[in-house]
Engineer: 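Quick one: this structure, given as structure tokens, is what I'll be asking you about.
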Protein chains: 2
Amino acid sequence: MSPPLPRDPIADAQRNWESHGWSDVAAPMAAITAIMRTQQILLARIEGALRPFGLTFARYELLALLSFARSGALPMNKASALLQVHPTSVTNAVDRLQTAGLVVRSPHPTDGRTTLIELTAEGRTLAKRATAVLNAEVFGQSGFGDEDVNQLIRILGDFRRGAGDFTD
Amino acid sequence: MSPPLPRDPIADAQRNWESHGWSDVAAPMAAITAIMRTQQILLARIEGALRPFGLTFARYELLALLSFARSGALPMNKASALLQVHPTSVTNAVDRLQTAGLVVRSPHPTDGRTTLIELTAEGRTLAKRATAVLNAEVFGQSGFGDEDVNQLIRILGDFRRGAGDFTD
DNA sequence: GCAATATACTAGGACATCCAACGGTTTGGA
DNA sequence: TCCAAACCGTTGGATGTCCTAGTATATTGC
């Protein structure tokens, strides 16, 4: 951990934007930059909590998604759509999870094109243990106030809907 | 662009958390996951706007930072601290910017350990043009309401201060 | 029924990030 | 004064993401 800076670099950037005649977009610039930095901080916390399990965030998300599917199995394209990541990223994650014995690939019974990803028993127990740690160490100590959490869910939900993630 | 999902996958995840007895951390989980996804969307927009200039977001941030330094030059460790990224990331970015003729490395006049990064004339003009495009295409059309922007700046500012980014 | 189109996954390359480790430089305490 | 500790930037290795292209399978239209 490097020591804290004496001043908020994003607030400084916002002031720089304003003094250069870009006042109309200075605030959105600051908000977007803050989102970038916040994501970086949160990702580091999450990956730190998952490291003892040999998981990354991408692989954990896939495990968690499978653990919520009633059958414990999903087609790869479905996983790609629900996680909002590129199909190649799913392929990469499945490769490593399969090597670790946490999931297995199996052919789709009727559609020869699609591949099913299925949780193994070890995968299911590891997902449960990893979720418990994430809940305790990250989500339970997020640093956001309760009301701020609700604001974030609403603001970012509006944004994601507007960006075409979903229609609700 | 894949078509929008019929339902918000993050809201579904929040419901799954609640139905599994993790109601106390379901909301922060949803907020944090939403930040992850929002960052992904915004990063894709930014990189799309910068691609015509041959810049990535990391390289643009460095160019912009240098353009605001009065002398147009900064030590690498200073840039690393202000951008909140690892020194190796700065090394990587400087390598590519220098190859593109946008910055040059120069030795520090008094401290033999440190290297100064300095904007070239082309680097300065490219930074200005790229900023204009980012302002017009990304920051000016963020999709966040004015009041939401202010909320984000405050909420994420509080979070970053609490995470040790700065003391203000 | 067969060709054309669409869909699903894989392969290889480009980038960025982090970590661990390594020489070169500076600083501060013995 | 001198040597150990701290600091600075770079290198190499591992991960993850995206993109383009290619291969195999399904579906559609004539």
Side-chain angles (χ1 to χ4, degrees), chain A residues 1-3 36-37 39-51 53-63 74-100 103 105-117, chain B residues 1-3 36-37 39-48 50-51 53-63 74-81 83-100 103-118:
Chain A
M1 276 284 197
S2 37
M36 297 288 166
R37 175 59 187 153
Q39 187 266 355
Q40 195 177 20
I41 295 169
L42 290 170
L43 183 61
R45 289 187 190 174
I46 291 171
E47 303 250 300
L50 292 176
R51 188 157 304 128
F53 300 100
L55 291 175
T56 64
F57 186 46
R59 296 182 223 164
Y60 166 76
E61 277 193 302
L62 187 51
L63 277 190
L74 278 178
M76 293 194 63
N77 63 325
K78 197 89 174 168
S80 171
L82 291 174
L83 296 176
Q84 317 256 202
V85 296
H86 213 266
T88 54
S89 298
V90 177
T91 296
N92 184 311
V94 171
D95 284 350
R96 298 172 190 281
L97 288 172
Q98 188 164 23
T99 300
V103 306
R105 283 182 169 91
S106 61
H108 192 284
T110 65
D111 190 334
R113 296 173 298 182
T114 78
T115 302
L116 290 177
I117 325 165
Chain B
M1 273 290 192
S2 38
M36 297 287 166
R37 173 59 185 154
Q39 187 267 354
Q40 193 179 21
I41 295 169
L42 290 170
L43 183 61
R45 290 187 190 175
I46 291 171
E47 303 249 302
L50 292 177
R51 188 156 304 125
F53 300 100
L55 291 176
T56 63
F57 186 45
R59 296 180 223 167
Y60 167 77
E61 277 193 301
L62 187 51
L63 277 190
L74 278 178
M76 294 196 61
N77 64 331
K78 197 88 174 172
S80 171
L83 297 176
Q84 316 256 202
V85 296
H86 269 226
T88 52
S89 299
V90 177
T91 296
N92 185 312
V94 170
D95 283 349
R96 299 173 190 281
L97 289 173
Q98 189 164 23
T99 300
V103 306
V104 291
R105 283 182 169 91
S106 62
H108 191 284
T110 65
D111 190 334
R113 294 172 299 182
T114 78
T115 302
L116 290 177
I117 325 165
E118 194 174 354

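Numbers restart at 1 for each chain; the letters A, B, ... are given by sequence-line order, proteins then strands.
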Engineer: On DNA chain D, compare the nucleotides closest to B:N77 and A:S89; which residue's is nearer the 5' end?
Structural biologist: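 The residue whose closest nucleotide sits nearer the 5' end is B:N77.
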Engineer: Indicate, with a heavy-atom threshold strictly under 4.0 Å, whether A:T56 touches base, sugar-phosphate, or nothing.
Structural biologist: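 Answer is sugar-phosphate: A:T56 comes under 4.0 Å of backbone atoms only.
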Engineer: Reading DNA chain D 5' to 3', which nucleotide is the first, and which the last, to come under 4.0 Å of any heavy atom in chain B?
Structural biologist: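 Listing 5' to 3', DNA chain D meets chain B from D:dC7 to D:dC18.
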Engineer: Just to verify, what does A:R105 make a side chain to side chain donor-acceptor pair (under 3.5 Å) with, not counting sequence neighbours?
Structural biologist: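 Only A:D95, A:Q98 meet the side chain to side chain donor-acceptor pair (under 3.5 Å) criterion with A:R105.
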Engineer: Students often get this wrong, so: under 4.0 angstrom with heavy atoms, is A:E47 touching a base, only sugar-phosphate, or nothing?
Structural biologist: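 Nothing, no heavy atom under 4.0 Å.
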Engineer: First and last nucleotide of DNA chain C in contact with chain A, 5' to 3', at under 4.0 Å to a heavy atom: what are they?
Structural biologist: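 First-to-last contact on DNA chain C, by the 4.0 Å heavy-atom rule, is C:dT7 to C:dC18.
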Engineer: So how far is it from A:R96 CZ to A:T99 OG1, rounded to the nearest 0.5 Å?
Structural biologist: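 A:R96 atom CZ to A:T99 atom OG1 measures 8.0 Å (nearest 0.5 Å).
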Engineer: Contact class for B:R105 (heavy atom, under 4.0 Å): base, sugar-phosphate, or nothing?
Structural biologist: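 Here B:R105 touches the backbone only, sparing every base.
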Engineer: Hey, which of these two, B:R96 or A:P75, hits DNA chain C nearer its 5' end, going by closest nucleotide?
Structural biologist: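 That would be A:P75.
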Engineer: Not counting sequence neighbours, which residues clear side chain to side chain contact (heavy atoms under 4.5 Å, CB included) with B:E47? List them please.
Structural biologist: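 Side chain to side chain contact (heavy atoms under 4.5 Å, CB included) check on B:E47 returns B:L43, B:R51, B:T56, B:F57.
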Engineer: Using the side chain to side chain donor-acceptor pair (under 3.5 Å) criterion, which residues pair with B:E118? Sequence neighbours excluded.
Structural biologist: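 B:E118: no side chain to side chain donor-acceptor pair (under 3.5 Å) contacts found.
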Engineer: Tell me what B:T115 touches on the nucleic acid: a base, only sugar-phosphate, or nothing, going by heavy atoms under 4.0 Å.
Structural biologist: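 Contact class for B:T115: sugar-phosphate only.
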Engineer: Mind checking B:T114 for me? I need base, sugar-phosphate or nothing, with any heavy atom below 4.0 Å counting as a touch.
Structural biologist: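 Sugar-phosphate contact only.
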Engineer: Going by the rule side chain to side chain contact (heavy atoms under 4.5 Å, CB included), which residues pair with A:A49 if we only count those two or more places apart in sequence or in a different chain?
Structural biologist: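 Result, side chain to side chain contact (heavy atoms under 4.5 Å, CB included) vs A:A49: A:V133, A:L134, A:E137, A:V138.
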Engineer: In chain order, what residues pass the side chain to side chain donor-acceptor pair (under 3.5 Å) check against A:R45, with sequence neighbours excluded?
Structural biologist: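 Side chain to side chain donor-acceptor pair (under 3.5 Å) list for A:R45, sorted by chain: empty.
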Engineer: Please identify each residue that fulfils side chain to side chain donor-acceptor pair (under 3.5 Å) with A:H86, with sequence neighbours left out.
Structural biologist: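 Only A:T88 meet the side chain to side chain donor-acceptor pair (under 3.5 Å) criterion with A:H86.
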Engineer: When we call it a touch if two heavy atoms are under 4.0 Å apart, what does A:R59 touch: a base, just sugar-phosphate, or nothing?
Structural biologist: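 Sugar-phosphate only.
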Engineer: How long is the span from the CD atom in A:E61 to the CD1 atom in A:I46, to the nearest 0.5 Å?
Structural biologist: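 It is 8.0 Å, given to the nearest 0.5 Å.
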Engineer: Output all residues satisfying salt bridge (Lys or Arg N to Asp or Glu O under 4.0 Å) with A:R59, sequence neighbours left out; order by chain, then residue number.
Structural biologist: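 If we apply the salt bridge (Lys or Arg N to Asp or Glu O under 4.0 Å) test to A:R59, skipping adjacent residues, there are no hits.
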Engineer: Heavy atoms under 4.0 Å, any strand shown: does B:T110 hit a base, just sugar-phosphate, or nothing?
Structural biologist: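 Here B:T110 touches the backbone only, sparing every base.
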